[in-house]
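Positions are given from 1 along the sequence. Treat the numbers as computed from the prediction; the structure is a model and nothing was measured.
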Amino acid sequence: MKPSRQKQLLYSVSGLVGLCCALTAAVCAGLPLWISGAVLCRTGAELVNATGPELDKFLGELSYGLFQGQRVKQCGLGGRPSRFFFFPDLQSAIPVGLHVTVVFFCGVVILFSAVATGFFFFNAFGRPYETLQGPLGLYLWTSISCVSSCLVMVLFASEVKLHHLSRRIANFNEENFVFQTHSERYGRCYWLFLLVVLLHALNVLLIRLAGTHFPFQGGKGAEPSGGAADLMY
């Protein structure tokens with residue numbers, strides 16, 4: 001049975017939303033705009049007993065994403081800018097397992113957002129079977145993408161805060177100076193993943209507005225009669 005015009009419209013909108021989520025996640029994963037902040041050259045500041053405005057001479061900059069970043073070290077003699085890559089440069093300095101997990105779930109978000117986009121358009125203009133191609137598939141792919149996006153945010157935040165990722169990066173390959181995190185804030189790419197979470201939640205609502213019941217919601221009444229019929233044979 002061909003979907004009604006209302007379903008076609010809602011599924012098409014959901015497909016476009018899913019496509020935006022996939023593209024947003026892919027672009028954000030490659031940009032070094034997840035964390036930005038300032039790092040203090042503690043060694044230099046302690047040598048001259050710097051306080052107040054004098055500390056500005058020892059405050060450098062740090063920004064990074066999932067794969068690369070940039071740091072500018074200030075130790076009183078001018079800035080020393082440098083770029084770095086997590087793989088293979090920082091493998092010995094970061095919690096590799098946790099970081100790879102964040103990257104993995106980013107890939108899951110991109111993949112299943114794209115899959116959900118395809119199935120939305122397939123349900124809008126095709127004749128889907130009542131299996132993973134139909135309503136169950138729409139809820140499944142969208143829910144996986146939504147949960148994975150949440151996991152990306154939670155795991156990355158735990159890597160930054162619990163494992164002191166900024167301090168580890170600032171002190172990587174440093175022998176003469178000790179740096180500490182002075183301030184850090186989440187960048188636009190991190191918050192765009194929150195937008196991805198909300199858009200996937202919106203897609204779940206759009207699926208429901210299209211008249212598609214939640215999985216297994218409509219099958220409860222038929223189960224007793226089927227079971228009784230089976231017992232007669």
Side-chain angles (χ1 to χ4, degrees), residues 3-36 63-69 86-87 96-160 186-217:
S4 64
R5 289 296 180 89
Q6 181 186 4
K7 280 190 176 182
Q8 285 183 338
L9 177 61
L10 290 174
Y11 285 157
S12 297
V13 172
S14 295
L16 292 175
V17 171
L19 179 61
C20 290
C21 290
L23 293 176
T24 300
V27 172
C28 288
L31 291 178
L33 300 174
W34 287 64
I35 288 289
S36 60
S63 63
Y64 57 89
L66 299 181
F67 297 98
Q68 60 178 319
F86 281 87
F87 303 102
V96 178
L98 183 56
H99 195 79
V100 170
T101 304
V102 175
V103 174
F104 169 77
F105 278 111
C106 275
V108 171
V109 173
I110 297 169
L111 174 63
F112 283 99
S113 295
V115 170
T117 298
F119 278 103
F120 275 120
F121 285 116
F122 183 68
N123 277 265
F125 302 105
R127 292 180 171 85
Y129 300 101
E130 293 297 324
T131 56
L132 293 180
Q133 298 177 4
L136 177 60
L138 296 180
Y139 282 114
L140 178 62
W141 312 132
T142 304
S143 298
I144 290 176
S145 300
C146 186
V147 172
S148 297
S149 302
C150 289
L151 287 175
V152 168
M153 297 188 69
V154 172
L155 292 176
F156 183 75
S158 66
E159 184 181 12
V160 172
Y186 296 105
R188 65 187 65 178
C189 287
Y190 180 84
W191 295 116
L192 280 174
F193 256 83
L194 177 60
L195 177 62
V196 170
V197 173
L198 297 177
L199 288 178
H200 280 304
L202 174 64
N203 264 356
V204 173
L205 179 61
L206 290 177
I207 298 171
R208 188 64 187 89
L209 289 177
T212 305
H213 294 287
F214 291 108
F216 314 116
Q217 183 177 352

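To the nearest 0.5 angstrom, L199 atom CG is 11.5 Å from L16 atom CG. Atom SG of C106 and atom CZ of F67 lie 7.0 Å apart (nearest 0.5 Å). Taking CG of L198 as the start and CG of N203 as the end, the distance is 11.5 Å to the nearest 0.5 Å. Atoms CG and OH, on L195 and Y190 in that order, are 14.0 Å from each other to the nearest 0.5 Å. The distance from atom OG of S12 to atom CZ of R5, rounded to the nearest 0.5 Å, is 11.0 Å. To the nearest 0.5 Å, atoms SG (C21) and CG (L192) are separated by 10.5 Å.
By the 4.5 Å heavy-atom criterion applied to side chains, L66 and F86 are not counted as neighbours. Two residues are said to be in side-chain contact when any heavy atoms from C-beta on lie closer than 4.5 Å; W191 and Y186 meet this criterion. No side-chain heavy atom of L98 sits less than 4.5 Å from a side-chain heavy atom of F156. By the 4.5 Å heavy-atom criterion applied to side chains, I110 and F105 are not counted as neighbours. Put simply, the side chain of C146 does not reach to within 4.5 Å of the side chain of V204, judged on heavy atoms. Y64 has its side chain within reach of V160: a pair of non-hydrogen atoms, C-beta onward, lies under 4.5 Å apart.
Across all non-hydrogen atoms, the minimal contact from S149 to S145 is OG-O, 2.8 Å.
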Counting only pairs under 3.5 Å, give me each side-chain donor-acceptor contact of residues 23-36, with atom names and distances, residues two or more places apart or in other chains.
from : atom 1 : to  : atom 2 : distance (Å)
T24  : OG1    : C20 : O      : 2.7
W34  : NE1    : C28 : O      : 2.8

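Test V196, L151, I144, V197 against V109 for side-chain contact (heavy atoms from CB on, under 4.5 Å) and you get one pass: V196.
For residues 96-120, the set of pairs meeting the side-chain hydrogen bond (donor to acceptor under 3.5 Å, both in side chains) definition, not counting sequence neighbours, comprises H99-E159, S113-H200.
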Kindly indicate, with the supporting measurements, whether the criterion side-chain contact (heavy atoms from CB on, under 4.5 Å) is fulfilled by F121 and Q8. CA-CA 8 Å; F121 285 116; Q8 285 183 338; over 6 Å; no
Tell me, with the steps shown, if T142 and F120 meet side-chain contact (heavy atoms from CB on, under 4.5 Å). CA-CA 10 Å; T142 304; F120 275 120; 3.6 Å; yes
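Remark: V100 pairs with F87, V96 by the side-chain contact (heavy atoms from CB on, under 4.5 Å) rule, at least two apart or across chains.
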